[in-house]
Trainee: 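Sharing a structure below in structure tokens format, with a few things to ask.
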Amino acid sequence: MDLKGAAAQNDWGLEHLMNVREVAEHLRVPVSTVYDWRTRGLGPPAHRFGKHLAFAVSDLQIWIEEHRDPSQPGSGGGARHQGTA
């Protein structure tokens with residue numbers, strides 16, 4: 001699922017919500033990992049509807065950016081290469 005396209009509001013003006021399976025697929029982790037993160041307070045914020053969890057696309061995008069590894073090249077955390085003129 002493309003998060004940028006999914007962030008658009010639907011016909012009712014509500015943001016798209018993803019279920020646990022969709023979040024796990026998007027992050028390429030097992031569903032059990034998403035639940036484990038939740039129980040440890042490490043996962044993306046979610047809305048609870050009875051026994052069901054739903055994740056707002058915008059919350060997931062923010063959470064992903066917050067967990068970017070700053071030591072990795074190209075992560076936006078380091079200096080950019082300056083070309084010579």
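Small disclaimer: the values here were computed from a predicted structure and weren't measured.
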Trainee: Quick check: closest heavy atoms across Pro45 and Phe55, and the distance to 0.1 Å?
Mentor: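 Nearest pair, atom of Pro45 first, then Phe55: O-CD2, 3.4 Å.
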Trainee: Please list all pairs passing the side chain to side chain donor-acceptor pair (under 3.5 Å) test where one or both residues lie in residues 33-46, with sequence neighbours left out.
Mentor: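 Listed once each, the pairs are Asp36-Arg40.
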Trainee: How close do Arg21 and Val31 get, heavy atom to heavy atom, and via which atoms?
Mentor: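 So the two residues come closest at CA-CG2, 4.1 Å.
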Trainee: Please list, chain by chain and in numerical order, all residues satisfying salt bridge (Lys or Arg N to Asp or Glu O under 4.0 Å) with Arg48, sequence neighbours excluded.
Mentor: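 Counting only residues at least two positions away or on another chain, Arg48 forms no salt bridge (Lys or Arg N to Asp or Glu O under 4.0 Å).
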Trainee: Rounded to the nearest 0.5 Å, what separates atom CG in Leu60 from atom CD in Glu22?
Mentor: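 It is 10.5 Å, given to the nearest 0.5 Å.
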Trainee: Search all heavy atoms of Val57 against all heavy atoms of Glu15 and return the closest pair with its distance.
Mentor: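 Here Val57 and Glu15 meet closest at N-OE2, 3.3 Å.
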Trainee: Excluding sequence neighbours, so at least two apart, what forms side chain to side chain contact (heavy atoms under 4.5 Å, CB included) with His52?
Mentor: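 None.
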Trainee: Return the minimal non-hydrogen interatomic distance between Leu27 and Trp63, and the atom names on each side.
Mentor: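 It is CD1-CZ3, 3.9 Å.
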